[in-house]
Amino acid sequence: MSLKFTIKEITEAALLIALAVVLGYFEIPLPLGGVTLALVPVFLIALRNTPLKTFIFVGIVYGLIDCLLDGYGFMTFPLEYLVALGSSFIVSLFRTKLFNHEKNVGIEITYVVISVLIVTIIRFICSTIDGVLIYEATFVESMTLNAPNIFLDGGFTLVVLLLIYFPLRQLNVNRYLEK
């Protein structure tokens with residue numbers, strides 16, 4: 001199996017990663033942290049690329065950039081960034097089901113909801129484990145600290161993805177018709 005990146009894919013991923021970084025700075029404050037829309041471009045990368053390319057773009061590239069900018073140190077990179085963000089490749093697994101030529105929008109939206117929910121749960125699990133292992137919090141403390149931010153992030157991301165789904169669907173259907 002050969003892994004080839006086109007200039008268009010790299011450019012698109014770089015722009016979406018840059019957008020994710022910028023959106024990460026616009027935070028809706030909460031008592032225990034904040035919520036951003038930084039995951040919207042992450043999911044757009046996943047919806048536009050294969051699972052392996054998504055993992056490379058999101059888990060490795062964006063994960064490393066986000067880890068460096070967050071300032072928590074490289075101890076958190078493997079679980080909180082590489083695995084948690086890299087799990088967005090799951091969305092890529094459904095992209096051929098999402099952007100086919102048939103108009104079964106109910107099933108397509110169900111795939112979007114399920115895949116965003118799975119990725120959000122994986123992020124929650126990874127963050128909870130990191131809280132216990134690195135920050136020596138109890139399991140309950142770590143869950144309590146991580147749950148509001150991560151599930152609200154996932155919820156806001158899902159709402160935005162559903163709002164932009166039809167234009168994105170048309171863009172991707174046209175992309176697949178070109179090939």
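- The two residues Tyr25 and Val21 come nearest to each other via the heavy atoms CD1-O, 3.2 Å.
- The backbone N or O of Glu9 sits nowhere less than 3.5 Å from a side-chain atom of Glu12 that would complete a donor-acceptor pair.
- Here the shortest heavy-atom pairing between Arg95 and Ala46 reads CD-O, 4.0 Å.
- Under a hydrophobic-cluster definition in which Ile, Leu, Val, Met, Phe, Trp and Tyr are linked whenever side-chain heavy atoms come within less than 4.5 Å, directly or via other members, Val112 and Ile164 are assigned to the same cluster.
- For the 3.5 Å distance criterion, the side chains of Glu80 and Ser127 qualify, holding a donor opposite an acceptor.
- For the atom pair OG1 of Thr128 and CG of Leu145, the computed distance is 9.0 Å after rounding to the nearest 0.5 Å.
- Between Thr54 and Ile45, the shortest heavy-atom distance links the atoms OG1-O, 3.8 Å.
- Two residues are said to be in side-chain contact when any heavy atoms from C-beta on lie closer than 4.5 Å; Leu152 and Val35 meet this criterion.
- Cys126 and Val83 get closest at one heavy-atom pair: SG-CG1, 3.6 Å.
- Two residues are said to be in side-chain contact when any heavy atoms from C-beta on lie closer than 4.5 Å; Leu158 and Val113 meet this criterion.
- Atom CG in Asp130 sits 6.5 Å away from atom CG in Leu133 (nearest 0.5 Å).
- Under a cut-off of 6.0 angstrom, the local environment of CZ in Phe139 is sparse, with at most 12 non-hydrogen atoms contributed by other residues, nucleotides or ligands.
- Under the 4.5 Å side-chain heavy-atom criterion for ILVMFWY residues, a single connected hydrophobic cluster contains both Ile17 and Leu69.
- A single hydrophobic cluster is seen to contain both Ile65 and Leu68, as judged by linkage of ILVMFWY side chains at heavy-atom distances under 4.5 Å, directly or through other members.
- Considering all non-hydrogen atoms of both residues, Glu108 and Tyr165 come closest at OE1-OH, 2.7 Å.
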**Asked** Could you walk me through whether Val132 and Glu141 pass the side chain to side chain contact (heavy atoms under 4.5 Å, CB included) check?
**Response** CA-CA 9 Å; Val132 171; Glu141 288 172 336; over 6 Å; no
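- No side-chain heavy atom of Val40 sits under 4.5 Å from any side-chain heavy atom of Leu19.
- Between Ser88 and Val58, the shortest heavy-atom distance links the atoms OG-CG1, 3.4 Å.
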**Asked** Should Val105 and Phe166 be marked as a side chain to side chain contact (heavy atoms under 4.5 Å, CB included) after you check the CA-CA gap, both sets of side-chain angles, and the distance that decides it?
**Response** CA-CA 9 Å; Val105 177; Phe166 291 104; 3.5 Å; yes
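- Remark: aromatic rings of Phe57 and Tyr62 are distant, center separation not under 6.0 Å.
- Between Phe74 and Phe77, the ring planes lie perpendicular to each other; the angle is over 60°, past the 30° to 60° tilted range.
- Taken from CZ in Phe124 to CG in Asp153, the straight-line distance is 13.0 Å, to the nearest 0.5 Å.
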**Asked** Where do Leu37 and Phe26 land on the side chain to side chain contact (heavy atoms under 4.5 Å, CB included) test, with the steps shown first?
**Response** CA-CA 8 Å; Leu37 291 176; Phe26 295 99; over 6 Å; no
**Asked** side chain to side chain contact (heavy atoms under 4.5 Å, CB included) between Asn49 and Phe89: does it pass, once the steps are laid out?
**Response** CA-CA 9 Å; Asn49 292 285; Phe89 83 88; over 6 Å; no
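- When atom types are taken as modelled, the side chain of Lys53 and the backbone of Ile10 share no donor-acceptor pair closer than 3.5 angstrom.
- Using a 4.5 Å heavy-atom cutoff, the side chains of Val160 and Leu39 are not in contact.
- Inspection of the Asn146 and Ser142 side chains reveals an N or O donor paired with an N or O acceptor under 3.5 Å.
- By the 30° and 60° cut-offs, the orientation of the rings of Tyr135 relative to Tyr72 is perpendicular.
- With contacts defined as side-chain heavy-atom distances shorter than 4.5 Å, the pair Val91/Tyr111 does not qualify.
- Hydrophobic clustering (side-chain heavy atoms under 4.5 Å, transitive across Ile, Leu, Val, Met, Phe, Trp, Tyr) keeps Leu15 apart from Leu64.
- The CG atom of Leu85 sits 11.5 Å away from atom CD1 of Ile122, with the distance rounded to the nearest 0.5 Å.
- The side-chain heavy atoms of Leu47 and Ser92, taken from C-beta on, include no pair separated by under 4.5 Å.
- Leu44 is listed as a side-chain neighbour of Leu168, based on a closest heavy-atom distance under 4.5 Å.
- Among Thr76, Asp66, Asp70, the one residue that satisfies the side chain to side chain donor-acceptor pair (under 3.5 Å) test with Tyr81 is Asp70.
- Criterion: ILVMFWY side-chain heavy atoms under 4.5 Å apart, direct or through other members. Under it, Ile118 and Leu52 are part of a common hydrophobic cluster.
- Here the side chains of Ile121 and Ile150 are not in contact, with every heavy-atom distance at 4.5 Å or above.
- Put simply, the side chain of Thr11 never gets that close to the backbone of Lys8: no donor and acceptor are under 3.5 Å apart.
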